[in-house]
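Below: one structure, written as structure tokens.
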Amino acid sequence: MFYQKNPHGKTNVLKDSNMKTALIVYGGWEGHQPKETTGIFIPWLQEQGYETTWTDTLDAFLDQERMKAYHIIIPCWTCGELSSEQEKGLSGAIMGGVGLAGWHGGLCDAFRASPGYQFMTGGQCVAHPGGCVEYSIHITKPDDPIVSGFNDFKMKSEQYYLLADPSNEVLATTTFSGEIFPWIDGCIMPQVWKRMYGQGRVFYSALGHVAADFDVPECIEIMKRGILWASR
């Protein structure tokens, strides 16, 4: 094992020169614990054989040639703004075949002023009625490898109401009650999906409001499987 300094000041742990590569970009609103949640997946990615670059600057997206060389990109950046050049670097990499994966607001409550980014991810959070509540996740495609073997399960967290692309392949949903907003009573909302964006695979899970949510076995395992599916 040896160590290499990446250009953003973090340290990568490299086992050999033939490892796959992952870029993890964290920041934005601190309430979603971007550093803590991404930190859960760094050791796991390294165990899977990935060289990890972990950075807190969106300027990582500017190096278009480097971006195209990654196998998977995992942003966790709630709200914030993407410059046109940053968006070009990210979307160009995914369009060209790099994988994209993320959770909760870190992927789908990000860069609200960038519709092109939302087109890529397949959705945008617009509400979480009642704040942290107990709700059920229903597995809709039990034969899909990302969710196979799981039964429906409970979460106590933010139940995301999303504007979701109908071209998404939905793997799990949740059903809203009308307790807070009567007009959405019975609304079935996608919570886990996968999609293509050009040649790149995109995976999203609405679960993962804070690091403790990943203590739920289904929550973390679905995310891990989704990352591996998205990675080229």
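Predicted, not measured: the structure shown is a model, and the values here were computed from it. The basis for the numbers below is simple: all heavy atoms, side chains too, and nothing from hydrogens, waters or symmetry mates.
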Tightest non-hydrogen contact, residues Trp229 and Val202, listed as CZ3-O, 3.4 Å
Here the pair of heavy atoms bringing Glu169 nearest to Asp144 is OE2-OD2, 4.1 Å
Problem set entry | More than 12 heavy atoms of other groups within 6.0 Å of Lys224 NZ | yes
Just wondering, more than 12 heavy atoms not from Glu179 lying within 6.0 Å of its CD? no
When you measure from the side chain of Asn168 to the backbone of Val170, do you find a donor-acceptor pair of N or O atoms at a distance under 3.5 Å?
no
Short side-chain to backbone donor-acceptor contact, Glu87 and Ser84, under 3.5 Å: no
Decide if the gap between the ring center of Tyr135 and the ring center of Phe176 is smaller than 6.0 angstrom. no
same_hphob_cluster(Trp103, Val133) at 4.5 Å side-chain heavy-atom cutoff: yes
* Asked: Mind checking whether Tyr160 and His104 have parallel, tilted or perpendicular rings, split at 30° and 60°?
  -> parallel
Checking Phe214, Tyr26, Tyr50, Trp54 against Phe41 for ring pair (Phe, Tyr, Trp, His ring centres under 6.0 Å), the one that qualifies is Phe214
Query - Heavy-atom side-chain proximity of Thr175 to Met189 below 4.5 angstrom - result: no
Query raised in the report: Between Phe153 and Val216, is any pair of side-chain heavy atoms under 4.5 Å apart?
Result: yes
List the steps, then state whether salt bridge (charged side-chain N to carboxylate O under 4.0 Å, His left out) holds for Arg112 with Glu81.
-> CA-CA 7 Å; Arg112 297 172 183 172; Glu81 294 183 3; over 6 Å; no
